[in-house]
Amino acid sequence: MQKNTVFVTGGAGFIGSALIRHLIENTDTKVVNIDKLTYAGNLQSLESVAANPRHVFSHTDICDRTALDALFAEHRPRGVLHLAAESHVDRSITGPAAFIETNIVGTYTLLEAARQYWNTLSEQDKPQFRFHHISTDEVFGDLHGTDDLFTETTPYAPSSPYSASKASSDHLVRAWQRTYGLPAVL
Ligand SMILES: NC(=O)c1ccc[n+]([C@@H]2O[C@H](COP(=O)([O-])OP(=O)(O)OC[C@H]3O[C@@H](n4cnc5c(N)ncnc54)[C@H](O)[C@@H]3O)[C@@H](O)[C@H]2O)c1
């Protein structure tokens, strides 16, 4: 395992690109940026770090298991920061299929590729690995009034195709942690 290498999925997106700029500019981390470059991905957001040898861009769909396996074998990361998603509620209402594919099937595919790689790690390295899944407050449903707040114990109550697909991915991550022991953080 390469202790200073992480994967960032969705690194050409709004939050992922800010995360990568932060990691490259403020730490010694090497980032493998895995992004399909949908309409939401924009490599211009990464211009300031594009020439840095610690930023490696891979034009890859997280549903592509063969490509993910090759990336894990080549770079042997200490963790995955999983931000890739279809992320806009309104688009999920007019076209839910891409949300099911990327958010649910893509997260499943990434979890399985990560689990296969994690199983090759030494007993010392295994607990150091992290699968960091980026969720959303939308999985808790609607707030009612300005005094209404979500807490850690709020039940899941997704109410759009977007939030239902993100809730599904959360449940998959929790299941992979509990069932297979994959060290995960939501
Ligand atoms: N933006 C918000 O306000 C917000 C709030 C809460 C949670 N989140 C979550 O944070 C994460 C990042 O959000 P964002 O606003 O940066 O999203 P975004 O839509 O700006 O970026 C998503 C990125 O994922 C990539 N992508 C999409 N499908 C892919 C696939 N199949 N394979 C590989 N890459 C793919 C896109 O090309 C894009 O670069 C998402 O998981 C989202 O659910 C976002």
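Just so you know, ligand 1 is whichever comes first in the structure, and atom 1 is the first atom listed for that ligand.
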(message) When you measure from the heavy atoms of L37 to every atom of ligand 1, does any distance fall below 4.0 Å?
(response) yes

(request) Under 4.0 Å from a heavy atom of D61: give me the atoms of ligand 1 that qualify, with their elements. (result) 30 (C), 31 (N), 32 (N)

(request) For atom 24 (O) of ligand 1, find the nearest protein heavy atom and state the residue, atom name and distance (0.1 Å precision). (result) G10 CA, 3.5 Å

(request) Indicate yes or no: does an N/O atom of A84 lie under 3.5 Å from an N/O atom of ligand 1? (result) no

(request) Validate the cation-pi geometry between R115 and F131: distance from NZ or CZ to the six-membered ring centre under 6.0 Å, angle to the ring axis within 45°. (result) no

(request) Please examine the side chains of V8 and I34, heavy atoms only from C-beta on, and report whether any two atoms are closer than 4.5 Å. (result) no

(message) Against ligand 1, does Y162 come closer than 4.0 Å with any heavy atom?
(response) yes

(request) List every atom of ligand 1 that sits less than 4.0 Å from any heavy atom of L83, numbering the atoms from 1 in the order shown and giving each element. (result) 11 (C), 12 (C), 40 (C), 41 (O)

(request) Pull out every atom of ligand 1 sitting under 4.0 Å from any heavy atom of A12, numbered as shown with elements. (result) 39 (O)

(message) So is N42 touching ligand 1 or not, going by heavy atoms under 4.0 Å?
(response) no

(request) Among all protein heavy atoms, pick out the one at the shortest distance from atom 37 (O) of ligand 1; state its residue, atom name and that distance to 0.1 Å. (result) D35 OD1, 2.6 Å

(request) List the closest protein heavy-atom neighbour of atom 32 (N) of ligand 1: residue, atom name, distance to the nearest 0.1 Å. (result) I62 N, 3.0 Å

(request) Measure the shortest side-chain to side-chain distance between H132 and V80 over non-hydrogen atoms and say whether it is less than 4.5 angstrom. (result) no

(message) Starting from atom 20 (O) of ligand 1, what is the nearest protein heavy atom, named by residue and atom, and what distance separates them?
(response) F14 N, 2.9 Å

(message) Using a plain distance cutoff, I'd like to know if I34 has any nitrogen or oxygen under 3.5 Å from a nitrogen or oxygen of ligand 1.
(response) no

(request) Could you grab the distance from atom CG of N42 to atom CG of D35, nearest 0.5 Å is fine? (result) 10.0 Å

(message) Taking 4.0 angstrom as the limit and counting only heavy atoms of T60, give me the atoms of ligand 1 inside it, by number and element.
(response) 32 (N), 33 (C)

(request) Decide whether an N or O pair under 3.5 Å exists between T102 and ligand 1. (result) yes

(message) Could you tell me if H144 and D148 have a donor-acceptor pair between their side chains, going purely by distance under 3.5 Å?
(response) no

(request) If the plane angle is over 60° it's perpendicular, under 30° parallel, otherwise tilted; pick one for Y156 and H171. (result) tilted

(message) Give me the nearest non-hydrogen protein atom to atom 5 (C) of ligand 1 as residue plus atom name, then the distance to 0.1 Å.
(response) T136 OG1, 4.4 Å

(message) Can you name the atoms of ligand 1, numbered from 1 with element, that are less than 4.0 Å from a heavy atom of K166?
(response) 40 (C), 41 (O), 42 (C), 43 (O)

(message) Is it true that S135 and D170 share a donor-acceptor pair across their side chains at a distance under 3.5 Å?
(response) yes

(message) For a salt bridge (Lys or Arg N to Asp or Glu O under 4.0 Å) check, start with the C-alpha distance between D125 and R78, then their side-chain angles and the critical distance, and finish with the verdict.
(response) CA-CA 8 Å; D125 282 349; R78 72 169 300 268; over 6 Å; no

(message) My question is simple, although I want it checked carefully: is atom 39 (O) of ligand 1 less than 4.0 angstrom from any protein heavy atom?
(response) yes

(request) For S169 and H133, test the side chains for any donor-to-acceptor distance below 3.5 angstrom and give the result as yes or no. (result) yes

(request) Show which atoms of ligand 1 fall inside a sub-4.0 Å distance from at least one heavy-atom site of A85. (result) 22 (C), 24 (O), 27 (C), 40 (C), 41 (O)

(request) Could you tell me whether D69 and R65 make a salt bridge, using a distance below 4.0 angstrom between a side-chain N and a carboxylate O? (result) yes

(message) Tell me whether ligand 1 is touched by S135 - counting only heavy atoms on the residue side and a distance under 4.0 Å.
(response) yes

(request) Number the atoms of ligand 1 from 1 as they appear, then name those within less than 4.0 Å of a heavy atom of S87, with their elements. (result) 17 (O), 18 (P), 19 (O)

(message) When you compare ligand 1 with G11, is there at least one nitrogen or oxygen pair between them that comes in under 3.5 angstrom?
(response) no

Anything under 3.5 Å between a donor and an acceptor, one on a side chain of residues 177-186, the other on a protein residue two or more places apart or in another chain? List them.
| from | atom 1 | to | atom 2 | distance (Å) |
| --- | --- | --- | --- | --- |
| Q177 | NE2 | A184 | O | 3.0 |
| T179 | OG1 | A175 | O | 2.8 |

(request) Mind checking the CD1-OG spacing from I100 to S168? Nearest 0.5 Å is all I need. (result) 6.5 Å

(message) For atom 4 (C) of ligand 1, what's the nearest protein heavy-atom neighbour? Residue, atom name and distance, please.
(response) I15 CD1, 3.9 Å

(message) So if I count the atoms of ligand 1 from 1 in the order they appear, which ones are less than 4.0 Å from some heavy atom of T38?
(response) 27 (C), 28 (N), 36 (C), 37 (O)

(message) For the CG atom of N33 and the NE2 atom of H55, what is their distance to the nearest 0.5 Å?
(response) 4.0 Å

(request) Specify the protein heavy atom at minimum distance from atom 21 (O) of ligand 1: its residue, its atom name, and the distance to 0.1 Å. (result) G13 CA, 3.3 Å

(request) Return each pair, listed once, that meets ring-ring contact (aromatic ring centres under 6.0 Å, His included) where at least one residue sits in residues 59-78; pairs must be two or more places apart or across chains. (result) F7-F72, F72-Y117

(request) Looking only at protein heavy atoms, identify the closest one to atom 34 (N) of ligand 1 and say how far it is in Å. (result) K36 N, 3.0 Å

(request) Give a yes or no on this: more than 12 heavy atoms of other residues, nucleotides or ligands lie within 6.0 Å of atom CD of E25. (result) yes

